[in-house]
Amino acid sequence: MEPVLARSVRLEPDGVHVLDRRNFPFERVWVRCATVAEVAAAIEDMVTQSSGPYFAALWGMVLAAREARGLPRAEARASLERAGELLVSTRRTNNALRKAVAAVLAGVDASDDLEAGALAGAHAGDRRYRDRSRRLGEATAALLPDDGAVLTHCWADLYLTETVKAAQARGKRLRFVCTETRPYLQGARLTAETLGEMGVDTTLITDGTGAAVMSAGEVDVLLTAADRVTMDGHVVNKVGTLGLAVAAHAFDVPFLAMVQAPDRLAPTARDVPIEHRPGEEVLHTLGRRTASDRARGRYPAFDVTPPRFVTTVVTDRGAYAPHELADYYAEDVHD
């Protein structure tokens with residue numbers, strides 16, 4: 001059975017319905033977004049995270065096409081471009097939103113019917129992301145031990161579920177150790193829940209425990225997603241990844257970072273904007289304040305792991321050493 005979070009955004013006649021990951025798994029509430037502006041707000045407010053914003057952007061662009069019906073073609077196309085800019089601006093560190101918008105605009109440009117083209121582009125983008133995630137999962141599973149423990153950080157979404165499915169198909173017996181991932185607890189609520197749903201032996205640890213379990217020899221590999229990987233091998237991911245990668249390096253635990261493809265538009269880490277979310281978010285957990293008003297919060301949502309701490313970058317086309325990522329584009333591909 002497919003995990004619940006594998007299909008957490010859907011297009012309906014009355015708008016885009018987004019499963020609210022802020023309350024999952026304790027509540028299963030779907031947020032209806034009737035306009036592209038409401039989709040953008042849902043992404044920015046963390047209603048959906050990880051790959052969720054990619055799918056929300058696909059279907060949000062279809063809403064934008066619906067809103068532009070009746071406009072002259074050039075005006076409608078310009079309206080869609082503005083909608084795309086709005087969506088991309090919500091979470092700039094991950095470049096998936098940019099790809100979602102491009103997929104829909106490509107569909108629009110290939111069709112005489114604006115809405116039909118947008119819908120075709122969104123469906124194509126959906127299929128492509130899922131297909132590439134499956135290939136990424138298969139490539140990752142091939143690198144994991146036949147019987148071992150995997151440490152994760154945050155929620156790798158389809159990357160993780162496809163890896164687990166591929167590992168199970170190979171008969172591998174994997175145990176997962178998940179960090180809770182403050183302040184939204186994606187590791188506790190999303191990763192651990194979904195792994196349990198898939199029948200995987202799962203242990204939850206606090207964010208500060210990762211180095212200790214590695215030093216004790218309790219994990220065989222550190223495995224995370226990457227929101228973006230630069231062409232020179234820097235891994236940009238949920239804040240806390242850097243500390244785990246440094247600890248893994250110290251204790252000879254390999255660190256595998258999963259991404260569909262390195263980003264040709266980011267030659268170095270300087271080319272990736274790091275999102276800083278309101279510090280107030282650090283002062284709360286699941287709606288309850290965890291610090292007094294004597295403290296202020298600081299929350300860079302992502303950090304950057306230098307390539308010297310990364311063992312392997314796994315892509316939908318196989319595994320690469322961080323300094324060999326240019327080889328990914330050795331073949332003529334469109335990405």
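These numbers come from a predicted model, not from an experiment. Start at 1 with the first residue, then count along the sequence.
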Practice prompt. I would like to know whether Val272 and Val304 meet side-chain contact (heavy atoms from CB on, under 4.5 Å); could you show each step before the answer?
Written response: CA-CA 9 Å; Val272 181; Val304 181; over 6 Å; no
Item to complete: Classify the ring geometry between Tyr159 and Tyr129 as parallel (under 30°), tilted (30 to 60°) or perpendicular (over 60°).
Response: parallel
Any [X] side-chain heavy atom under 4.5 Å of [Y] side chain:
X	Y	answer
Val164	Leu195	yes
Lys99	Arg128	no
Ile43	Leu97	yes
Thr163	Leu144	yes
Lys238	Thr224	no
Thr179	Leu244	yes
Val282	Arg277	no
Val177	Arg175	no

Looking at every heavy atom in both [X] and [Y], which two are closest together, and how far apart are they?
X	Y	value
Gly15	Leu63	CA-CD2, 4.0 Å
Ala57	Leu87	O-CD1, 3.8 Å
Ala6	Arg130	O-NH1, 3.0 Å
Tyr328	Gln260	OH-O, 3.4 Å
Asp14	Arg32	O-NH1, 2.8 Å
Val4	Arg28	CG2-NH1, 3.4 Å

Test of understanding: clusters of I, L, V, M, F, W, Y form through side-chain heavy atoms closer than 4.5 Å, transitively. Do [X] and [Y] belong to the same one?
X	Y	value
Leu19	Leu190	yes
Met258	Val221	yes
Phe302	Leu222	no
Val101	Tyr54	yes
Leu58	Val88	yes

Polar side-chain atom of [X] near backbone of [Y] as donor-acceptor pair, under 3.5 Å:
X	Y	result
Thr312	Tyr320	no
Thr35	Glu38	yes
Ser111	Gly107	no
Arg189	Phe24	yes
Asp45	Val47	no
Glu67	Val36	yes
Asp207	Thr181	yes
His153	Val239	yes
Glu75	Pro72	no

Hydrogens and angles aside, do [X] and [Y] bring a side-chain donor and acceptor to less than 3.5 Å of each other?
X	Y	answer
Arg228	Thr93	no
Thr191	Gln186	no
Thr230	Asp232	yes

Whether [Y] and [X] form a salt bridge (side-chain N of Lys/Arg under 4.0 Å from carboxylate O of Asp/Glu) is what I want to check.
X	Y	answer
Arg289	Glu280	yes
Arg135	Asp316	yes
Asp109	Arg77	yes

Euclidean distance, [Y] [atom2] relative to [X] [atom1], rounded to 0.5 Å:
X	Y	atom1	atom2	value
Cys33	His17	SG	NE2	8.5 Å
Glu81	Met61	CD	CE	8.5 Å
Ser50	Arg91	OG	CZ	9.5 Å
Gln168	Lys172	CD	NZ	12.5 Å
Arg127	Arg132	CZ	CZ	14.5 Å
Phe55	Thr48	CZ	OG1	9.5 Å

Discussion item. Assess the residue pair Phe255 and Thr241 against the criterion (side-chain contact (heavy atoms from CB on, under 4.5 Å)); give the C-alpha distance rounded to whole Å, side-chain angles, the decisive distance to 0.1 Å, and a yes or no.
Written reply: CA-CA 10 Å; Phe255 172 32; Thr241 303; 3.9 Å; yes
Item to complete: Assess whether salt bridge (Lys or Arg N to Asp or Glu O under 4.0 Å) is satisfied between Arg134 and Glu162, documenting all intermediate values.
Response: CA-CA 5 Å; Arg134 185 176 62 256; Glu162 292 295 344; 5.7 Å; no
Worksheet item: Taking it one step at a time, do Thr161 and Leu5 satisfy side-chain contact (heavy atoms from CB on, under 4.5 Å)?
Response: CA-CA 9 Å; Thr161 58; Leu5 291 177; over 6 Å; no
Worksheet item: Looking at Tyr184, is Arg21 sitting on its ring face, NZ or CZ under 6.0 Å from the six-membered ring centre and within 45 degrees of the normal?
Response: no
Worksheet entry | Audit row: Thr90, Val39, side-chain contact (heavy atoms from CB on, under 4.5 Å) steps and yes/no | CA-CA 10 Å; Thr90 59; Val39 172; over 6 Å; no
